[in-house]
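Chain letters run A, B, ... following the sequence lines, proteins first and then strands; every chain starts at 1. Heavy-atom basis, side chains included; hydrogens, waters and symmetry copies ignored.
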Amino acid sequence: MIRAELNENELEALRRLGGDPIIQSSDFQSSDFQSSSSSRVNSSVIDEAISSMPIPDTPQSGLTVKVCYVGACFNENQVKRKLKPKFPGTEVAGIIHEVGNNIPNSNYMPGDRVIIVPDEAIISSGYKEYIPIEDPSNVIQVPQNVPLEVAAMLPGGALTAFAAASCARNHVERLQKVKSCVNVLIVGAGGLGLWTIRLAKYLLGDDCSSVRIFVADNSIDKLLLAQEHGCYDIIHWNEEDHEQYIHERTLDACRGGVDVIIDYVGSHRSMQRSLTVLNREGVIIVGGNSTADTNISLNALAAKQQSIVGIPKGNVNQLIELLNAVADKKLEVPQYKVVPVEDANQVFEDLAESRITGRVVFKFGSQSSEHIVDNH
Amino acid sequence: MAFHMLERPCPHKPKPVFMTPIDKSAVETILRPLDLTDDHYRRLMDLMTEDIVKGMNPQTHPAANIKCFPTFVRSVPDGTEQGDFLALDLGGTNFRVLLINLNGQEVKMESKIFIIPQHIMLGSGVQLFDHIADCIFKFITDHKLQGKKLPLGFTFSFPCRQEGLDKAVLTVWTKGFNCEGVVGKDVVELLHAAFKRRGDMPNVKCLAVINDTVGALISCAHSDRQCAIGLILGTGTNACYIEDLQNVKTWTGDDGEPRQVLINCEWGAFGNDGNLSFIQTDFDKAIDKHSINPGKQIYEKMISGMYMGEIARLAIERLRKNHLLFEGEGSYHLATRGRFYTKYVSEIEGDDVTNFTVTRQIFDELELTNHNEQDYRLVRHVCNLVSKRAAYLASAGIACLLNKMNKKEVTVGVDGSLYRFHPFFHDLMMEKIQALIRPNIRFKLMLSHDGSGKGAALVAAVASKLKDKDDRGRRGSKV
């Protein structure tokens, strides 16, 4: 069973968010404490959710973010590598709760909707309802017309996909000078794959006579969803089939061979397949979620003038560009669903078993803690 | 490491199977049932010949295992086939639409693969054929063929009773399909009904429906006129051959020339009455018991790709449980039914025997942690036994057909992943067929690639010619 590493305090907080009656503790301290009735008048009355977790002090020159949405990121490769899901991970969005007294500029106000720039210190810090931020430049305000749950996904999967797609664009543009049609293959039709399809359209345009986006995966369900997201064609890399059959099927779909491959799976087999179908001067862009090493013939690589490139890490400028592209409706967001964070364990288990298509975003305060209902 | 399949097995001195002290007799006891003798294969051939005759006799046909359905295809292509044809290939989760241009010996093909989602494989027949029609429409549009008259050949690789060249009634669904409202119906009619419902494909008409064995035969015959047998060795196994009309007592068609017809054996069902129990191992019985169709397709279950990996897995697991492999330590994957993919058998047998790199890689994928060279050699030996038995069983079937036809020179057109990708299958079959046939018969095994596309188009071409001749004849008689 996959656990999100929640400790007892955290589990307690989750239970309360679920609406259990509140037990007050005498050594509880909070700078923002509000009482609520100890029983419900009727089941439709919603108390303000109260956390047992103390709200951390706001850094003097920084601010505190109240977490509203966290993207769920986990896949079967991580299970194979015996990794647990990171919580809250790289995809965190919320509302500024409080601003420090000595904050350098006054651009930030409580109530601002923000996303947090991924920070090693925060990524695996566990279930938190309030996150103190030392340096305010590590939060970015979210344009009004971008829903907060969408913004949450941007610093994680979307940014990785953006970095990969930008890297791919360089190669596509190089090849477009000598080829009439460039074929791009995305290996892996999960969240990253879906983002990449959308980002490829944003970065490369929609003209499928000169650039064609293909997606390969073992799961037919995921492939059908990828097709709905607008890729040119889908290719079933059925793990049961003979490798040569898979090569044939791929080359059959990608007429003229494959020029650019973005491999989010990075298994030994996916790399070998990629190397087999890759054209001269082609490039394979690899993510960092591999489960195994693979062998590459250096002579073959040199003879065919091919390259293998790691996806560069996304930067803040790209993140801002993503926010603006979504705000301007130039970038369409992939299919996602919002799920109460109480269901985190089940969701991570489902993701590990590849049972989910599309993205999942956790919502904090599922009893809608933004609304205060006074039932006295 | 590159998964380059060797064109031929590399010439090397075979290493002994047993290295370190190991209980050889225990291993042999477990694996011996997979090692059949020529007597077994000859007895199988006799039983098969009997069953084939039963299939073509109206009294015994209903209870026969090898149904021997006449296909209404009377001849192989004569090289004058010309024109543009559409072909459909439905036999599994990947459905193909092809555009084929025939010009004598020259064949040009363009195709597109469409995926059939699970809910359509298990939904209604109307949904299935609507989906197929939709895919054809997309293909026609992409290739800008809207106004063109397009005769269509349909390769429908499921057991059918054919009632005419363009009339095939599905007898039972296989390979994971289960659409209601199709069994007992003519699939060409269902296809045309879907076209009619849409109303936007008036120029597409299905003139012929065949199955993949016929496609393999016809496609091979296009380049080799001596081809008289079509064989499929893939996910399933089946064969068809050219039979004299006088032997087809179930024949309901016309009596004109040529006095022959292609017979679709549906030989996968051989053994359904239990007459193969003399060669069935525990492994075969276990597979049958847990299959979606217990008691059916017995011969097929010992040969084809759908089951080969599982036979190997069961043998490997039995060895392991007796501490003869991996020191008894297995893994979740190795214990999972269906997880030892048939492709592993091909890959392990094609592996380099000095380093066993591919074999090690596969063990890693199966998350086996305890393995040494003795394990690699023994697992390779298991794969050898399983694939050799499959190849020899198929060979016995072909030898049976060759002896029955008794033609001096016959080419066998073969298609399917087992034949195409297994390093030794072709050679094993050549050796075994030679050993089992009458001495005066000469035969060739030829890869018939893409019979389902090319074959369907060729049959549609023949049907189109016949139809034109028919139309002209009718017009002539009105005068």
Seminar exercise, completed: Under a 4.5 Å heavy-atom criterion, the part of residues 221-235 of chain A in contact with chain B comprises A:Leu223, A:Leu224, A:Asp233, A:Ile234

For this session: Name all residues meeting the side chain to side chain donor-acceptor pair (under 3.5 Å) criterion together with A:Lys304; count only those two or more places apart in sequence or in a different chain, and write none if there are none.
Result: none

Exercise. Are any non-hydrogen side-chain atoms of B:Glu365 and A:Arg269 less than 4.5 angstrom apart?
Worked result: yes

Exercise. Any side-chain heavy-atom pair from B:Ile113 and A:Arg249 closer than 4.5 angstrom?
Worked result: yes

For this session: State whether the number of non-hydrogen atoms from other residues, nucleotides or ligands found under 6.0 Å of A:Asp207 atom CG is greater than 12.
Result: yes

For this session: Kindly compute the distance separating OG1 (A:Thr294) from CD (B:Gln361), expressed to the nearest 0.5 Å.
Result: 7.0 Å

Would you be so kind as to tabulate the donor-acceptor pairs closer than 3.5 Å made by side chains of residues 127-138 of chain B, with sequence neighbours excluded?
from     : atom 1 : to       : atom 2 : distance (Å)
B:Gln127 : OE1    : B:Ser124 : N      : 3.2
B:Asp130 : OD1    : B:Arg197 : NE     : 3.0
B:Asp130 : OD1    : B:Arg197 : NH2    : 3.0
B:His131 : NE2    : B:Ile115 : O      : 3.4
B:Asp134 : OD1    : B:Arg198 : NH1    : 3.0
B:Asp134 : OD2    : B:Lys138 : NZ     : 3.2

For this session: Please flag which part of B:Asp364 lies under 4.5 Å from any non-hydrogen atom of chain A: side chain, backbone, both or neither.
Result: neither

Problem set entry | Salt-bridge present (B:Lys343, A:Glu243; N to O < 4.0 Å) | yes

For this session: Let me know if B:Thr235 has heavy atoms under 4.5 Å from chain A in its side chain, its backbone, both or neither.
Result: neither

For this session: Using a strict cut-off of less than 4.0 Å between a Lys/Arg side-chain nitrogen and an Asp/Glu carboxylate oxygen, indicate whether A:Glu248 and B:Arg420 qualify as a salt bridge.
Result: yes

Problem set entry | Greater than 12 external heavy atoms within 6.0 Å of A:Glu173's CD | yes

Exercise. Should we count OH of A:Tyr245 as having more than 12 external heavy atoms under 6.0 Å?
Worked result: no

Exercise. A:Glu239, A:His236, A:His242: which one forms the most heavy-atom pairs within less than 4.5 Å of chain B?
Worked result: A:His242

Exercise. About how many Å separate CD1 of A:Ile220 and CD1 of B:Ile116, when rounded to the nearest 0.5 Å?
Worked result: 9.0 Å

For this session: Pick one of side chain, backbone, both or neither for B:Glu367, based on which atoms fall under 4.5 Å of a heavy atom in chain A.
Result: side chain

For this session: Examine whether an atom of B:Tyr344 lies under 4.5 Å from a heavy atom of chain A, and if so say whether it belongs to the side chain, the backbone or both; otherwise answer neither.
Result: side chain

Problem set entry | Residue list, ring pair (Phe, Tyr, Trp, His ring centres under 6.0 Å) with B:Tyr376, at least two apart or on another chain | B:Phe356, B:Phe363, B:His371

Problem set entry | From CG (A:Asp241) to OG (B:Ser417), nearest 0.5 Å | 7.5 Å

